[in-house]
Amino acid sequence: EVSPGVPSVAFQHIPTVDFAYGGDGLCGGYDGEGGVSPVRSDAGLLEALVDADVSFLAVGHNHGNDYCCPHKGDTSLCFGRHSGYGGYGTWDRGARVYVLELDDKGRFSWFTYVRLESGEIIDW
């Protein structure tokens, strides 16, 4: 995706209720937990990020989820993946990788994929 203006992305640990998997074919990735455990209130944070044209909000918390979905405007909502040896679950460990690029004309773009501990790359 290409975004005009000042490039910006955001990371936080716990997802908002908006991270619920749509299952509408627009999301790429795995809904390994069948839902999310969101913050009780995001106090308008997500709408502020959309208004500021933030490219994506990346979260963790739900270790079995690693999907990335378009939200509103040019903002996407993305889960990381179970990456460590602690915590809960038996999912294959890996990480969501974000590739951020700025071309010679100052245009920002990004893409993402999951790389498993085995080295396998999963690109939805």
Side-chain angles (χ1 to χ4, degrees):
E1 298 186 24
V2 177
S3 299
V6 177
S8 53
V9 300
F11 295 85
Q12 71 181 39
H13 183 74
I14 301 176
T16 67
V17 296
D18 304 279
F19 274 81
Y21 187 73
D24 52 13
L26 298 176
C27 299
Y30 181 62
D31 180 19
E33 293 197 30
V36 299
S37 300
V39 295
R40 290 184 193 163
S41 169
D42 75 357
L45 173 69
L46 186 54
E47 287 306 313
L49 295 175
V50 169
D51 290 346
D53 199 28
V54 170
S55 293
F56 62 82
L57 172 58
V59 300
H61 194 59
N62 295 105
H63 299 179
N65 296 339
D66 68 6
Y67 54 85
C68 196
C69 304
H71 182 58
K72 294 178 182 172
D74 291 326
T75 302
S76 291
L77 305 177
C78 301
F79 268 101
R81 182 170 181 99
H82 185 149
S83 58
Y85 288 88
Y88 65 94
T90 58
W91 302 280
D92 291 337
R93 285 179 292 277
R96 176 165 291 286
V97 177
Y98 299 91
V99 179
L100 312 177
E101 299 176 332
L102 195 60
D103 72 11
D104 58 353
K105 294 184 180 177
R107 293 178 296 204
F108 174 71
S109 62
W110 67 278
F111 66 94
T112 183
Y113 60 89
V114 170
R115 182 180 181 110
L116 298 179
E117 184 178 41
S118 67
E120 179 185 359
I121 293 177
I122 302 172
D123 186 11
W124 285 281

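- Side-chain atoms of Trp91 and Asn65, non-hydrogen and from C-beta on, never get closer than 4.5 Å to each other.
- Tracing side-chain contacts under 4.5 Å through hydrophobic residues (I, L, V, M, F, W, Y), one reaches Val9 starting from Trp110; they form part of the same cluster.
- The CG atom of Leu116 sits 12.0 Å away from atom OG of Ser83, with the distance rounded to the nearest 0.5 Å.
- When all heavy atoms are compared, the tightest approach of Asp18 to Leu77 is O-CD1, 3.4 Å.
- Taken from CG in Asp66 to CG in Asp31, the straight-line distance is 9.5 Å, to the nearest 0.5 Å.
- Between Tyr88 and His63, the ring planes are parallel. Angles under 30° get that label, and only those over 60° would be called perpendicular.
- Scanning all heavy atoms of the two residues, the minimum distance from Arg81 to Arg96 falls at CB-N, 4.4 Å.
- Residue Arg93 qualifies as enclosed at atom CZ: its count of foreign heavy atoms under 6.0 Å is above 12.
- In the hydrophobic cluster analysis, where Ile, Leu, Val, Met, Phe, Trp and Tyr join through side-chain heavy atoms closer than 4.5 angstrom, Phe108 is grouped together with Phe11.
- Counting only heavy atoms from C-beta outward, the side chains of Cys69 and Leu26 never approach each other to under 4.5 Å.
- The line from SG of Cys78 to OH of Tyr98 is 4.5 Å long, rounded to the nearest 0.5 Å.
- Between the SG atom of Cys68 and the OH atom of Tyr113 there is a distance of 14.0 Å, given to the nearest 0.5 Å.
- Phe19 pairs by the ring-ring contact (aromatic ring centres under 6.0 Å, His included) definition with Phe79, not counting sequence neighbours.
- Two different hydrophobic clusters hold Val54 and Val17 under the rule that ILVMFWY side chains link at heavy-atom gaps under 4.5 Å.
- Proximity of Ile122 to Glu120: side-chain heavy atoms (C-beta onward) are separated by under 4.5 Å at one or more points.
- Residue Val39 is not grouped with residue Leu45 when hydrophobic side chains (ILVMFWY) are merged at heavy-atom distances under 4.5 angstrom, including chains of intermediate members.
- Every side chain to side chain contact (heavy atoms under 4.5 Å, CB included) that Glu101 has, sequence neighbours left out, goes to Val99, Ser109, Phe111.
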Worked verdict on Val59 versus His13 for side-chain contact (heavy atoms from CB on, under 4.5 Å): CA-CA 5 Å; Val59 300; His13 183 74; over 6 Å; no
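- Taking every heavy atom of both residues into account, Asp103 and Lys105 meet most closely at OD1-N, 2.8 Å.
- Under the 3.5 Å distance criterion, the side-chain polar atoms of Asn62 are left unmatched by any main-chain donor or acceptor of Val36.
- With sequence neighbours excluded, no residue satisfies ring-ring contact (aromatic ring centres under 6.0 Å, His included) with Tyr85.
- Distance check: His61 NE2 to Glu33 CD gives 8.5 Å after rounding to the nearest 0.5 Å.
- In this structure, Leu102 and Pro7 approach most closely via the heavy-atom pair CD1-CG, 4.3 Å.
- Here the closest non-hydrogen pair linking Thr16 and Pro38 is C-CB, 3.6 Å.
- When all heavy atoms of Ser8 and Ala52 are compared, the pair lying nearest together is OG-O, 4.3 Å.
- Taking OH of Tyr30 as the reference point, atom OH of Tyr67 lies at 12.0 Å (rounded to 0.5 Å).
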